[in-house]
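A quick write-up on the structure given underneath.
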There are 2 protein chains.
Amino acid sequence: MKSKRAAGDALSRDAVIERAMQLADAEGLDAVTIRRLGQEFGVTPMALYWHVKNKDELLDAMGDRLFAGLRYDTARDAPWDEQLRAVTHGLAEALRRHPACVDLAFRRVFYAPEGRAAAEHAFGVLRQAGFSSRQTADIATHALQTAIMLVRSEPGAEPGFTPEQVLERRTQKRAYLETLPAADYPYIRELADDLLDCDDTAAYYAFGIDVFVAGARSMLSPAAV
Amino acid sequence: MKSKRAAGDALSRDAVIERAMQLADAEGLDAVTIRRLGQEFGVTPMALYWHVKNKDELLDAMGDRLFAGLRYDTARDAPWDEQLRAVTHGLAEALRRHPACVDLAFRRVFYAPEGRAAAEHAFGVLRQAGFSSRQTADIATHALQTAIMLVRSEPGAEPGFTPEQVLERRTQKRAYLETLPAADYPYIRELADDLLDCDDTAAYYAFGIDVFVAGARSMLSPAAV
DNA sequence: ACCTGAACACCGTTCAAGT
DNA sequence: ACCTGAACACCGTTCAAGT
């Protein structure tokens, strides 16, 4: 009944990666440390090297896991721009589950099976919509980057901080903006609330994705320039 | 005539920040270390603490400097979408000078004087174009994020790597993509070259900015959805 | 197969002390 | 005003050794 470990789980590659992501979400990516993970498992730091080649490989594996459960084919027979929206939305939803790890995603798309499948799908959609291969590559890359950047800067979501700290930082930022002379920065003062708050995160994501999809659409049929 | 220092410059806050950015550009942001900077100036690490509060403050100061020399009012009397393009382009051009530092920019816009001025200008342009304050905040934030993401993932620009290493990594990535079964990933294989290369960086930036501006334009007059 | 101990070369930072 | 020495609590990683 009594375990050898101070902290529950048995050590394994999967458990290490899993715990690393939890740790990142709770305390920020900087808290993810070989030595700290050792502690979490009640084991010496060196024990981890049996399950993971080194820290870089661990971070890569975390990046791969970001794509787990990625949904994008929710609109199989819809027009191309709806499908592009679905891929981008799916990416954002997937990445949003681990905001502190979002920067690990970009370099791993083609290595994570789900990322690869989503990319292949997006490429097909765009090519058949009539985009050149250059445009297809650019737009698909842009879709991933859009999802990443929406997650990274979702207002009020600062990974590694407690809710109180987040509130505290917002208060400080607001106070700072109010020190700016209204004569010089009327618009910044006027928009302070909109810059700091985001009561409706669903609308935030929808807006960002709409802008991107509309932009892509205009690349296909450049109406007015 | 003979200096006390092993390495040229006198120590000062400005010199430290300047050298830190050079170091980041040459060897990546991870190479920027209090101890390493001490070495560069021929001084003990602790000497730096006289000129800079701590490492966080140094990084903030580097972020501020990214906005130095920012140009955006190249189209004062142009229509709003031209002006939005000019701001975004100016941001990208400014950030591009220190690609390794680009992640420091976002949180510092309102603290760097040039960033603040650019934000104020962009807000005015968007408000007068008829956007709501919510939309204005979102679009302007998006403009900065677009610039950041274009710089961050300019293909072939991997800060902290020598040209040979960049080439080497690209070769490896290409080799990897070619291991993927063509039956499962026909589009990835077809687009491999476009994903890896970017012979025309001017076109890369122009395309990214065009997509963004067109997207913003469609938010003002939602023609077809 | 899986984990530990000891060691190495690094970090950021503080604090009392020197000039 | 500006810098140093010594010290502390951290990093990632290697390698021989234990079970």
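Within every chain, numbering begins at 1; the chains are lettered A, B, ... in the order of the sequence lines, protein sequences first and strands thereafter.
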- Message: Nearest to the B:V43 side chain among C:dG12, C:dA6, D:dC3, which nucleotide is it?
- Response: D:dC3
- Query: Rounded to whole angstroms, how far apart are CD on A:Q39 and P on D:dA9?
  - Reply: 14 Å
- Query: Does a side-chain N or O from B:T44 land closer than 4.0 Å to OP1 or OP2 of D:dG5, or not?
  - Reply: no
- Message: Can you see if the side chain of A:T33 gets near the phosphate of D:dC10 - specifically, an N or O under 4.0 Å from OP1 or OP2?
- Response: no
- Query: In terms of side-chain heavy atoms of A:M46, which of C:dT14, C:dG5, D:dG5 is nearest?
  - Reply: C:dG5
- Query: Is B:E40 paired with B:R36 through a side-chain N to carboxylate O contact shorter than 4.0 Å?
  - Reply: yes
- Task: Classify the angle between the aromatic ring planes of B:Y176 and A:Y111 as parallel (below 30°), tilted (30 to 60°) or perpendicular (above 60°).
- Result: parallel
- Query: side chain to side chain contact (heavy atoms under 4.5 Å, CB included) between B:H142 and A:F212: does it pass, once the steps are laid out?
  - Reply: CA-CA 10 Å; B:H142 220 106; A:F212 163 62; 5.7 Å; no
- Query: Over how many whole Å does the gap from A:R35 atom CZ to C:dA7 atom P extend?
  - Reply: 14 Å
Distances under 3.5 Å between nitrogen or oxygen atoms of protein and nucleotides 17-19 of chain C:
none

- Quick one: the dot-bracket string of DNA chain D, using Watson-Crick and G-U wobble pairs with both distances under 3.5 Å, [ ] for crossing pairs and | for bases paired to another strand. ||.|||||...|||||.||
- Closest nucleotide of DNA chain C for A:H51 versus for B:P45: which of these residues is on the 5' side? A:H51
- Task: Send over the distance from A:F41 CZ to C:dC2 P, rounded to a whole Å.
- Result: 15 Å
- Item | Option among B:T141, B:V109, B:T136 that satisfies the side chain to side chain contact (heavy atoms under 4.5 Å, CB included) test with A:L195 | B:T141
- Task: Could you tell me whether B:D60 and B:R65 make a salt bridge, using a distance below 4.0 angstrom between a side-chain N and a carboxylate O?
- Result: no
- Going from CG on A:L29 to CG on A:L104, what distance comes out if it is rounded to the nearest 0.5 angstrom? 5.5 Å
- Candidates D:dT14, C:dC3, C:dG12 - which lies nearest the side chain of A:Y49: D:dT14
- Indicate whether the side chain of A:E154 and that of A:Y205 have a donor and an acceptor atom separated by less than 3.5 Å. yes
- Kindly point out which of C:dT13, D:dT4, C:dA7 is positioned nearest to the side chain of B:I34? C:dT13
- Item | Side chain of A:N54 (C-beta onward), nearest among D:dT4, D:dT13, C:dT4 | D:dT13
- Query: Can we say B:R174 and B:D193 salt-bridge, meaning some charged N sits less than 4.0 Å from an Asp/Glu carboxylate O?
  - Reply: yes
- When you check the gap from the basic side-chain N to the acidic O, do A:R13 and A:E57 get nearer than 4.0 Å? yes
